[in-house]
Participant: 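Have a look at the structure that comes next, please.
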Amino acid sequence: MDIVTRAINWFGDPAQWSGVDGIPNRVQEHLFYSGLSLLIAALIALPLGLFVGHTGRGAFLAVNSAGAARALPTVGLVGLTVVVFGIGLTPTLLPLVALAIPAILVNTYAGVQQVDKQLRDAAHGMGMKGRQVLFQVELPVALPLIILGLRTAAVQIVSTATIAAYVGLGGLGRYIFDGLARREYEVMVGGAVLSVLLALGTEALFVGVQRLIVSPGLRQRAPVR
Amino acid sequence: MTWDWRWSWIPDHYDLLGELLLQHLYLAVVPVVLGLLIALPLGIVCVRVRRLYAPVLALTSVFYALPSLALFVVLIDYTGFTGWTVIIPLTIYTLSVLVRNVVDGLRSVPEHVSQAATAMGFGGVRRLLQVDLPIAVPVVIAGLRVATVSNISLVSVGSLIGISGLGQLFVDGIQRSFITPIIVGIVLTVALAVLADAVLVGLQWLLTPWTRAGRSTEPVTADPAGAATAGVA
Amino acid sequence: GGDDSSGDDPLNSSGGGNEVVVGSANFPENVLLGEIYAQALEAKDIKVKRQLNIGAREVIYSQIEKGSLTVLPEYNGALLAYLDKAATATTSEEVDAALKQKLPSGLELLNPAEAEDKDSVAVTKETAAKYKLKTLDDLKPVAKDLVIGGPPEFKTRAQGIVGLKEKYGVEFKEFKSLDVAGPITVSALKKGDVQAANLFTTDPAVAENDFVALEDTKGLFSAQNVTPLVNKEGVNDTAKEALNGVSAKLDTATLAELVKKVVSDKQDVDAVAKEWLTTAGLS
Amino acid sequence: MKPFTTGGSAEYRVITFESVTKRFPDGTVAVDDLSLEIPAGKITVLVGPSGCGKTTTLRMINRMIDPTSGTITVDGQNVLDVDPPTLRRRIGYVIQQGGLLPHRTIVDNVATVPFLLGHDKKKARSDAMALLERVGLPAAFAKRYPHQLSGGQQQRVGVARALAADPPVMLMDEPFSAVDPVVRKGLQDEFLRLQTELHKTIVLVTHDIDEAVKLGDLVCVMEVGGRIGQFDTPERLLAAPSDAFVEEFLGADRGVRRLSFVGSDGLDLDTARVVTSGTSANTWRLLVDAAGRPEGWLAPGSSDGPQPAGRVFTVGRDSLRAALDSSVLNPSGDAIGVDSDGKVLGLAGHDQITGALRARTHEPSAEPATEPSGGSSGGSSTEPSAARSQPSPAGAGE
Amino acid sequence: MKPFTTGGSAEYRVITFESVTKRFPDGTVAVDDLSLEIPAGKITVLVGPSGCGKTTTLRMINRMIDPTSGTITVDGQNVLDVDPPTLRRRIGYVIQQGGLLPHRTIVDNVATVPFLLGHDKKKARSDAMALLERVGLPAAFAKRYPHQLSGGQQQRVGVARALAADPPVMLMDEPFSAVDPVVRKGLQDEFLRLQTELHKTIVLVTHDIDEAVKLGDLVCVMEVGGRIGQFDTPERLLAAPSDAFVEEFLGADRGVRRLSFVGSDGLDLDTARVVTSGTSANTWRLLVDAAGRPEGWLAPGSSDGPQPAGRVFTVGRDSLRAALDSSVLNPSGDAIGVDSDGKVLGLAGHDQITGALRARTHEPSAEPATEPSGGSSGGSSTEPSAARSQPSPAGAGE
Ligand SMILES: Nc1ncnc2c1ncn2[C@@H]1O[C@H](COP(=O)(O)OP(=O)(O)OP(=O)(O)O)[C@@H](O)[C@H]1O
Ligand SMILES: Nc1ncnc2c1ncn2[C@@H]1O[C@H](COP(=O)(O)OP(=O)(O)OP(=O)(O)O)[C@@H](O)[C@H]1O
Ligand SMILES: [Mg+2]
Ligand SMILES: [Mg+2]
């Protein structure tokens, strides 16, 4: 009970709402690391996934290496990059990007690859060229899965971006690490709550994006995980 | 730069690496087993009582979003330096993944199959054990694979509070700016995950003989769903 | 899981109540000390479980209170500062006396070693030259332009930001949470992310990087003798003797030398510990 | 409500519906006050437009759905008094998509109910193998899994499975509609052949009137809302639809299709024009070989070689419809009647055929649906399956 | 190899195959040395058992598959000389499940090819709306998505889409087989009606011989291995199958089905027995009301009230088959011929009908497959779609 009250008080303290260590700044930092990582990961994984799905080339390699990449331990990657590059953005972004790529890649690939053969056939039969098939048929039809992949990746990034604090950067992890080190549990709990909220917000955001950009004609088809 | 690579470190630490590997495996696998044991009944209940699924799903996705470090730290006050501190959060993550797959798996039983099973006189429990669950196996195992691999990666986070297998190599390496243990740790973690995944694939192979039988060359007729749903245009 | 970690818990590998659990904080020197304690105890045929590299004192301390840990390598000044934020004692004797009063009844501090590892505020050679810094007093006029880094707890404890302000009137522009005098702090200082940092006097990185540890003229950082902290119920007299034996032989130079072996030469803590115990005749 | 029945013959009614109503929770009344008696050992077909309550009716028999009110009995026992699994194991059930268990081999699928009943596994499997053979599947399929079979083969397995516990009653819900027309026809023929051996009490649902007429000993045409439009033999249904809805539902070509139910054995065959050697004459004559098989037609007034003979019909086995087909396909306009060995028995001219039509087909229409089903003359209605055992007797377009 | 053709008439051959062979990389020879000429403005149906190479043949036309050897021309141009996308935009293509783009609305689906061709969007959409109406879909469907439509409706959209760029040629691969028989029939009728307006060159693949006979102006029966069994009009196919394979494939009832291709307008109608008031007589007479519509039959020698009249046929529009049906369904054995308003024109007795049969149906069989398709007498084959535009004229069982 006590910890809950303390956490609520912590949230209520005006000091928490301004300055470098204030919630707005930390949230902003967190979103910055997360957004940047997601952007980089998407720039790598989306074209790759589309290519592999469209051509079928390298599918085995892509899917399996993505599977193995899921197992990359974030802490290890952070450590490695910290030791090699020193502190800074790189050790934060690299593990997060590595974390996000598999989900985006695999879902994009699967989305495109699962497009009904008949549909692809019909598209060719109407005289669409390769690119037109990709961008007018495969991509829009795969969109629910692609967005699901981005969403999974984004949520993972947001809840993992706390590690930025481990390498001396900001973000919500700061509260967790500092609260832990200083035995200020209300700070830690506050940080955890904020990062859960952020993750849920991210999820909601992607659900919203999906609503917005996925054709209503595809809603019926439940996306596969 | 103060970091450097030392090959000799590896053979010097075979014993340690073996021990850490086992510990890591243990910390990753126990949550998978526990998660499955909880997710199965939970998933079954969610399929039966449809109203329950949405709240359960919401709850598990909140759990899934919890930063693991925060959970570890909160738990350490209660569970100390026992494996539970790592196992409980990972069980929760496993659960978040598996409940969905159990439900999807059970729902993947085609309507006509469950109808036919009921009509042949399968009672509730028998139908579950002999029809629904076996058919759900591929989807459930798909979830187990995801959970196992991500657990293996997550166990390392425990090293930040002193409980973990291979994660200790990372902490040690970071503290001493020593990349050899870090890289060895990463390689072993990935290798462990690939191996565990292969075991699960093998398990699926054993449990689902029907999925591996190749399709016969005989033509299969047009999608029956079309005929069934068409009705009067 | 229950709220204690007694032996019937299948996931708790500690065999039984007679086992000594040695813990340590998460920085190499402390891990090394933990290992030295552990081996010294084992030399006396005491069963030991190692639970090294856990985290900040703030985490570990509660565990030894509960008995999850039974032996910890501590630093008397820091421990006092932790137990009593208002503590003013600085010399070894004052600190030990004050500690006796503050320490909960279940815990006991054994003999302090001569070896000291004090906190310090370090700057790079360049920064020192630029601002003509030698002592902490010199920081006062320039601190408002500087960012200081250190472990998160440095910000809130007396022997940290708080004391710097009170004793020296030094206020930094910003505090950055880093690690416990580890590579991150070193890297941050080197790269200029912070201009001053909390480092340990034994840290070989100070010498390696030509950092300048500013002199603590007003005795802000208390004596930091390495001292075994034990949970009374967890250790018997043989064990206490063994641990006191270590304290008797350990001095600052030796400690610095040992830490260098681990951190700079990448030797394993157990090997370094074993070697020293052998030379010291404690194994 | 007085139960619909096909008349007074003392057939054993194995399944009865008494004022059965089914109202779904959402308010849909799928079946409304239905009374029906289904005879033993016959194929009773429920047919009607989509959504008329056929499936609901069928599924109330094995308690997949429980009626809102009314009583259903099987073998004289109220189904509500029997524990559903027990009831269901006594009733075979075949559905459209087959409903095979995808994770079991074909033979284990067939043996499902015996396994459930705790029968000896080995025995159950060997019985299943025998059943597979019976439905025309090679033994090599036994170890395969359902997805390795074509739709039609899966349907056969479904039938074999329903037969495995040797249930007296079989329920079949659109069993043949998921396969293409060619395969469907094969399955239907196979099914009829099987029934002549097994004499199960079968209730079959379809929305295809041709299938109903082809398969049913009795056909129950249902209207939307689960009311019975007409419950009768296919022959009488075609002859005398009881109302506009039924007539509309029976569709075009009702007349020609009726001929399928009239046996060809009453035809007066002309043997005078069947010759073994050809000379010119002024009528069409059929040249036969030494074994009595048709060689060709000799055109009147022409001394050219014989023109090829068209289709023949087997006297007694084939229906009048086949005879009509034969007459259209032979240049003389005569139908060639042969015996089961293919030996020509004689020619049926147009007059014979149309005469037979007139004689046979107009009787029932005068008194619709009150006479016992076996009452009218001719062999067709007392032995309906005889006229059906040929490959494609009923609907021309099937 | 000399191309198969239906005869010497100077029709413009819009699609030609010359010694076309397709061997797949795995060695399967799907089409073997095929030569074929497909006439403009007609529906040509490729029919044959599963795996005989129908789809492969069809898809070589729009280069979804390229032949291993041989030449295919469309409009005189070798298809291999045309860039595939360009070629395909000129050729409509309809496949089984419709292949609609699930993420586009119905109207945008229909406008896909115009969009691809860079046509004005607004114009393309309004054209698409018009097409939707043309295929019988209400405008309200335009904004829906494919999954909101039934299978049959989706098929209509598929057809509309193929028509959108107004291509002279349409390829259709089993377009109606994914829907149930009732819907299928509706789609087929709709399709025939459309073709009478559009006169496209259509190549349609099916494995259902009834569909082939119903839809095709010309039917090409293929044997496994992509060889042609027979390429002919449906009527002549039914009359004179060129070999045992084709005959077997055509199935039973070939004779009666042929009658669908014979018009009823040549029948000699008996008006003497059509009366407006009833007195006893010794023949069956038909009582009509003031408007000339049938009221009932007066039985010979009976003074009871009139018996109900059975089915009628529309003279000219209906085929001989409908007339036969009518004769079977009327108690006198006479068919009642009416005009398009339902006014009785006269009675056709058995003798008339069978006479007409004999007169019409035996001509083609003497000279198989050499005569031009339009050559035989009677209106049915020169205006085939006239006899087809009624709801269910062709196969009885459809
Ligand atoms: N579980 C249910 N809840 C509500 N209404 C239902 C339910 N099942 C069926 N119905 C409705 O009851 C009516 C009859 O359904 P039923 O399935 O018996 O029809 P059917 O004759 O088998 O049709 P079809 O030929 O399409 O299979 C329909 O209007 C249907 O929508
Ligand atoms: N891509 C391919 N590679 C190898 N063989 C193929 C390929 N496509 C088709 N075939 C084979 O070519 C033959 C003809 O195939 P096609 O699809 O043209 O038959 P079809 O007449 O359309 O049959 P269906 O009625 O089943 O659709 C078949 O034996 C088929 O297995
Ligand atoms: Mg139904
Ligand atoms: Mg095909």
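So that the names make sense, note that chain A is the first sequence line, chain B the second, and so on, each numbered from 1.
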Participant: Using a 6.0 Å cut-off, check whether atom CG of C:Asp265 has over 12 heavy atoms from anything other than its own residue.
Facilitator: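 Yes.
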Participant: Where is the tightest heavy-atom contact between B:Ser177 and C:Lys266, given as atom of each residue plus distance?
Facilitator: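 Here B:Ser177 and C:Lys266 meet closest at O-NZ, 3.5 Å.
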Participant: Does atom NZ of C:Lys191 have more than 12 heavy-atom neighbours, drawn from other residues, nucleotides or ligands, at distances under 6.0 Å?
Facilitator: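 Yes, enclosed.
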Participant: For B:Arg6 versus C:Ser264, what's the shortest heavy-atom pair and its separation?
Facilitator: NH2-O, 4.0 Å
Participant: Is the closest side-chain heavy-atom distance between C:Asn53 and B:Gln175 below 4.5 Å?
Facilitator: yes
Participant: Under a 4.5 Å heavy-atom cut-off, does chain B meet the side chain of C:Val269, its backbone, both or neither?
Facilitator: neither
Participant: Give a yes or no on whether C:Lys102 atom NZ has more than 12 heavy-atom contacts from other residues, nucleotides or ligands under 6.0 Å away.
Facilitator: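 No.
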Participant: Atom CG in C:Asp268, atom CG in B:Leu16: separation rounded to 0.5 Å?
Facilitator: 8.0 Å
Participant: State whether the number of non-hydrogen atoms from other residues, nucleotides or ligands found under 6.0 Å of B:Trp9 atom CH2 is greater than 12.
Facilitator: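 Correct, the count exceeds 12.
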Participant: For C:Gln267, is it the side chain, the backbone, both, or neither that has a heavy atom closer than 4.5 Å to a heavy atom of chain B?
Facilitator: backbone
